Amino acid sequence: HLLAGQVVGPEGPIEGARVTVAAEQPPGGPAGQLPGHHDSALTGADGRFSFSVPDSNYSIQARFEGLAPMLLVGIQAPNEQLQLILARGVPLDGTITDRESGQPIAGARVLIRGETDGVFARANLGAITDIQARSDEKGRYRFESAPPGRLVLSALAEGYQSLRKIHLLSAEDSRSGRADFALSAGLSLGGVVLDANGEPIAGARITARPHAPGTQVKPARQWRLLARESTEARSDEQGRFRLASMPELKSVTLIVEAE
């Protein structure tokens, strides 16, 4: 099967744009896993790209310096009429601080996801790169080319609860190019992983995700989009684990995976 199309910018077709394709996780598969095919290539002089891929659903991302990236999800192969339109990026910066002390938090990550107009969608696939930045020793972060539009911004730092906010970024309004975060200290959750005989299991992967009581498990596609917000840990030789930076939730879903 072929996945083919064209990357277009404000001035027309873009030569040398980096296009990456990655097979999406099949329904029921472990969240965050990157199964199957993934590949990457540069567009030609006409902005076109083409990949020979197995039958599957794919995420496709296009990047070019100075323009905001675009990521399409749920693309069924074959498809030879794809068009990825890259808009001019807009600078976005801010600071990340401790809510209690007001001190800057260094090394925190800020992730960007688009919410409307298909400017930027997100999939939890290892071959696909999120738009993200890290804060410096003064807690400052900066994106040189963020996608304009209605964005979901997430700030994450070790030992703190993650924080998400909706942000409207406009190329016409310079005041929209700033978003600050004040993070609260995270909670922790610990336990022991045992087998059917009561023996500890070392190296088990424990994942905690938000879950509302009385609701059904989210469909596989929604789980993938939540996966990067989850908290993970591995059990030690005694089967013990501790999840740090947990948000303050009434209920969480714990997923335990072991060989």
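Counting begins at 1 with the first residue of the sequence. Keep in mind that this is a model prediction, so the values were computed, not measured. Just so it is clear, the values below take in all heavy atoms, side chains as well, and ignore hydrogens, waters and symmetry mates.
Residues forming a salt bridge (charged side-chain N to carboxylate O under 4.0 Å, His left out) with Glu259 (at least two apart in sequence, or on another chain): none. For Arg242, the side-chain hydrogen bond (donor to acceptor under 3.5 Å, both in side chains) partners are Ser188, not counting sequence neighbours. Residues satisfying the side-chain hydrogen bond (donor to acceptor under 3.5 Å, both in side chains) criterion with Thr95, sequence neighbours excluded, are Asp180. Among residues two or more places apart in sequence or in another chain, the salt bridge (charged side-chain N to carboxylate O under 4.0 Å, His left out) test is passed with Asp136 by Arg140. Every residue two or more places apart in sequence or in another chain that forms a salt bridge (charged side-chain N to carboxylate O under 4.0 Å, His left out) with Asp236 is listed here: Arg240. In terms of the ring pair (Phe, Tyr, Trp, His ring centres under 6.0 Å) criterion, residue partners of Tyr141 (sequence neighbours excluded) are, by chain and number, Phe143. For Arg48, the side-chain contact (heavy atoms from CB on, under 4.5 Å) partners at least two apart in sequence or on another chain are Gln6, Asp46. When the side-chain hydrogen bond (donor to acceptor under 3.5 Å, both in side chains) test is applied to Gln76, the partners found at least two apart in sequence or on another chain are Asp55.
Between Arg88 and Glu11 there is a salt bridge, since a side-chain N of the basic residue sits under 4.0 Å from a carboxylate O of the acidic one.
Put simply, the side chain of Leu3 reaches to within 4.5 Å of the side chain of Ile60, judged on heavy atoms. Proximity of Ser162 to Tyr160: side-chain heavy atoms (C-beta onward) are nowhere separated by under 4.5 Å. Val19 is not listed as a side-chain neighbour of Leu84, based on a closest heavy-atom distance of 4.5 Å or more. Counting heavy atoms from C-beta on, the side chains of Ile85 and Val7 never come closer than 4.5 Å.
Listed by first and then second residue, the salt bridge (charged side-chain N to carboxylate O under 4.0 Å, His left out) pairs that reach into residues 89-101 are Asp93-Arg142, Asp93-Arg178, sequence neighbours excluded. Residue pairs meeting the side-chain hydrogen bond (donor to acceptor under 3.5 Å, both in side chains) criterion with at least one member in residues 77-87: none, sequence neighbours excluded. Residue pairs meeting the ring pair (Phe, Tyr, Trp, His ring centres under 6.0 Å) criterion with at least one partner in residues 177-196, sequence neighbours excluded, do not occur; the list is empty.
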Tell me, with the steps shown, if Arg134 and Gln132 meet side chain to side chain donor-acceptor pair (under 3.5 Å). CA-CA 7 Å; Arg134 284 193 179 270; Gln132 65 175 285; 5.0 Å; no

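Note on Ile75: it does not cluster hydrophobically with Val8, by side-chain heavy-atom contacts below 4.5 Å among ILVMFWY residues. Follow the hydrophobic side-chain contacts under 4.5 Å out from Leu2 and you never reach Val53; the two are in separate clusters.
Within a 6.0 Å sphere centred on NZ of Lys165, heavy atoms belonging to other residues, nucleotides or ligands number more than 12.
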Exercise answer: donor-acceptor pairs, residues 189-200 side-chain atoms, under 3.5 Å, sequence neighbours excluded:
{"from": "Asp195", "atom 1": "OD1", "to": "Asn197", "atom 2": "N", "distance (Å)": "2.9"}
{"from": "Asp195", "atom 1": "OD1", "to": "Gly198", "atom 2": "N", "distance (Å)": "3.0"}
{"from": "Asp195", "atom 1": "OD1", "to": "Glu199", "atom 2": "N", "distance (Å)": "2.8"}

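Partner of Phe49 under the side-chain contact (heavy atoms from CB on, under 4.5 Å) criterion, out of Thr43, Thr20, Val21: Thr43 alone.
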